[in-house]
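See structure below.
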Number of protein chains: 2
Amino acid sequence: MRDFSRAEKALKAEGLRITRPRLVVYDYLLDNKTHPTCDQIYHSIVNDYPHISFSSVYNVTEKLSNSGLILKLVSPCGEMHYDSTNCFHGHFYCLKCSCVLDLDLPDVKSFYKPISGSTTTSITISAEGICPMCSKNEQVN
Amino acid sequence: MRDFSRAEKALKAEGLRITRPRLVVYDYLLDNKTHPTCDQIYHSIVNDYPHISFSSVYNVTEKLSNSGLILKLVSPCGEMHYDSTNCFHGHFYCLKCSCVLDLDLPDVKSFYKPISGSTTTSITISAEGICPMCSKNEQVN
DNA sequence: TGGGTAAATTATAATCATTCTAAATAAGCA
DNA sequence: TGCTTATTTAGAATGATTATAATTTACCCA
Ligand SMILES: [Mn+2]
Ligand SMILES: [Mn+2]
Ligand SMILES: [Zn+2]
Ligand SMILES: [Zn+2]
């Protein structure tokens, strides 16, 4: 059994009920900064927690992202990835292996000018291309 | 019958075959800067061109975006929108009415530092929130 | 100008990530 | 401990997009 204390603390701080699916999914995201999809989360945790359902992974990621504990990212092909690093940063999407990498970016508010009369909830900066690993493999082939 | 000369010229310049679906879809996008989805494009043009198929709208937008004539945008909920303004600019996605608005942004290359060893194909900057129209309507209610 | 050929279109079926539904279960409070 | 309500769960449904395969068309060349 893993130590879920960090996940538990964060859930409590948000006033969310402590449940096994939430602990397992959130702890997985805290430990794995790979920006997984729900499918990847499910398959990564189902061995250690056989009773978890696909539905719960979807429900939990939805709840956690609505509460702001995690980020919900949409890839260039429209698939949803989740990220427990919830402070502002950009993402690089590899067109070959579909991996998602973090980008360090300067403060975005310095140049963002909202449309007059609009309210902005979030800003996203992303890039797509070929990741270092795939670039290396291409040279070999 | 509309004047498709601008669309035809651009298709020729890209070495693409001139077909009715391509002319109709591309001309529609040149005239309507609303960032429509394939579904919206189809329903907007089907009255004037009853023989067009859904498949063709998907095929044409795919072909035009692969050739660079149009941009393919992915919304925060993962749906694809198309834009005949193919130079760099950002987009604002309204969470209420799902409209997509253009954002003027400074040159992005000034602050983007690619991950070492990676190749970048494109950079995207987007914001989400409530558009001016929806903000105004909210005040009334 | 009229085939020939590869490309594009079309209708339809298939895919598949995500959402919905409703019954069973469990968290948290008194 | 028991109550109330939120959460979980399995399974079905959804819907945007993609795949398939037959028909049609663009356009090159003789
Ligand atoms: Mn990240
Ligand atoms: Mn635009
Ligand atoms: Zn890669
Ligand atoms: Zn709006």
Side-chain angles (χ1 to χ4, degrees), chain A residues 4 7-26 28 35-46 48-67 69-70 72-82 93 98 100, chain B residues 4 7-26 28 35-46 48-67 69-70 72-82 93 98 100:
Chain A
F4 293 134
E8 187 171 342
K9 212 168 160 184
L11 290 170
K12 278 219 178 90
E14 285 296 322
L16 299 174
R17 286 196 182 181
I18 311 303
T19 68
R20 185 53 43 116
R22 287 177 183 176
L23 290 172
V24 171
V25 168
Y26 188 38
Y28 178 78
H35 311 90
T37 62
C38 282
D39 189 79
Q40 291 166 341
I41 296 170
Y42 175 78
H43 286 105
S44 300
I45 65 184
V46 72
D48 290 340
Y49 185 52
H51 293 299
I52 202 162
S53 69
F54 246 119
S55 299
S56 286
V57 177
Y58 276 98
N59 289 339
V60 168
T61 52
E62 183 68 11
K63 192 83 177 177
L64 296 183
S65 62
N66 284 341
S67 76
L69 281 181
I70 65 175
K72 182 178 193 169
L73 314 174
V74 53
S75 82
C77 67
E79 276 167 12
M80 300 305 174
H81 295 250
Y82 297 90
Y93 297 88
S98 300
V100 182
Chain B
F4 292 135
E8 187 171 344
K9 214 169 160 183
L11 290 171
K12 279 221 178 88
E14 284 297 322
L16 299 174
R17 288 196 179 182
I18 311 304
T19 69
R20 183 53 43 115
R22 286 177 184 177
L23 290 172
V24 171
V25 168
Y26 188 37
Y28 177 79
H35 311 90
T37 62
C38 282
D39 189 79
Q40 291 166 339
I41 296 171
Y42 175 79
H43 286 104
S44 299
I45 64 183
V46 71
D48 291 338
Y49 184 52
H51 293 299
I52 202 161
S53 69
F54 245 119
S55 300
S56 286
V57 176
Y58 276 98
N59 289 338
V60 168
T61 51
E62 183 68 12
K63 192 82 177 178
L64 296 182
S65 62
N66 285 341
S67 76
L69 281 180
I70 65 175
K72 183 177 193 170
L73 314 174
V74 52
S75 82
C77 67
E79 275 166 13
M80 299 304 173
H81 295 251
Y82 296 90
Y93 298 87
S98 299
V100 182

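Throughout, a chain's letter reflects where its sequence line sits, starting with A, and its residues are numbered from 1.
- B:Ser56 places no side-chain N or O within 3.5 Å of a backbone atom of B:Ile52 that could act as its donor or acceptor partner.
- Atom OH of A:Tyr58 sits about 11.5 Å away from atom OG of A:Ser53, to the nearest 0.5 Å.
- Rounded to an integer number of Å, the gap from B:Gln40 CD to D:dG15 C1' is 15 Å.
- When rounded to the nearest whole Å, the span between OH of A:Tyr42 and P of C:dA17 equals 14 Å.
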Considering only nitrogen or oxygen atoms on both sides, find all protein atoms under 3.5 Å from nucleotides 1-3 of chain D and state each distance.
none

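- Closest non-hydrogen pair, A:Tyr26 versus A:Leu64, comes out as CB-CD1, 3.7 Å.
- For B:Tyr28 and B:Ser44, the side-chain atoms include at least one donor-acceptor pair closer than 3.5 Å.
- Residue B:Ile41 contributes atom CD1, which lies 14 Å from atom P of C:dT9 at whole-angstrom precision.
- We find that CG of A:Asn66 is positioned 14 Å from C1' of C:dT19, with the value rounded to whole Å.
- Closest of all the heavy-atom pairs between B:Pro21 and B:Tyr49 is CD-OH, 4.0 Å.
- Between B:Arg22 and B:Glu8 there is no salt bridge, since none of the side-chain N atoms of the basic residue sits less than 4.0 Å from a carboxylate O of the acidic one.
- Listed candidates were D:dT9, C:dA8, C:dT10. Nearest to the side chain of B:Lys63 is C:dA8.
- Between the CG atom of A:Leu23 and the C1' atom of C:dA26 there is a distance of 13 Å, given to the nearest Å.
- Between the B:His35 side chain and the B:Val100 main chain, a donor and an acceptor come within less than 3.5 Å of each other.
- Spacing between atom CD of A:Glu8 and atom P of C:dA27 amounts to 11 Å, rounded to whole angstrom units.
- The closest side-chain heavy-atom distance from B:Pro36 to B:His81 is not below 4.5 Å.
- Judged by distance alone, the side chain of A:Gln40 and the main-chain N or O of A:Thr37 form a donor-acceptor pair under 3.5 Å.
- For A:His51, counting side-chain heavy atoms from C-beta on, the closest listed nucleotide (D:dT8, C:dA8, D:dT9) is D:dT9.
- Rounded to an integer number of Å, the gap from A:Glu14 CD to D:dA6 C1' is 17 Å.
- One atom, CG of B:Leu11, and another, P of C:dA7, lie 17 Å apart when rounded to the nearest Å.
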query = Base, backbone or nothing for each nucleotide of nucleotides 16-30 of chain D, written B, S, -, heavy atoms under 4.0 angstrom, 5' to 3'?
reply = SBBB------BS---

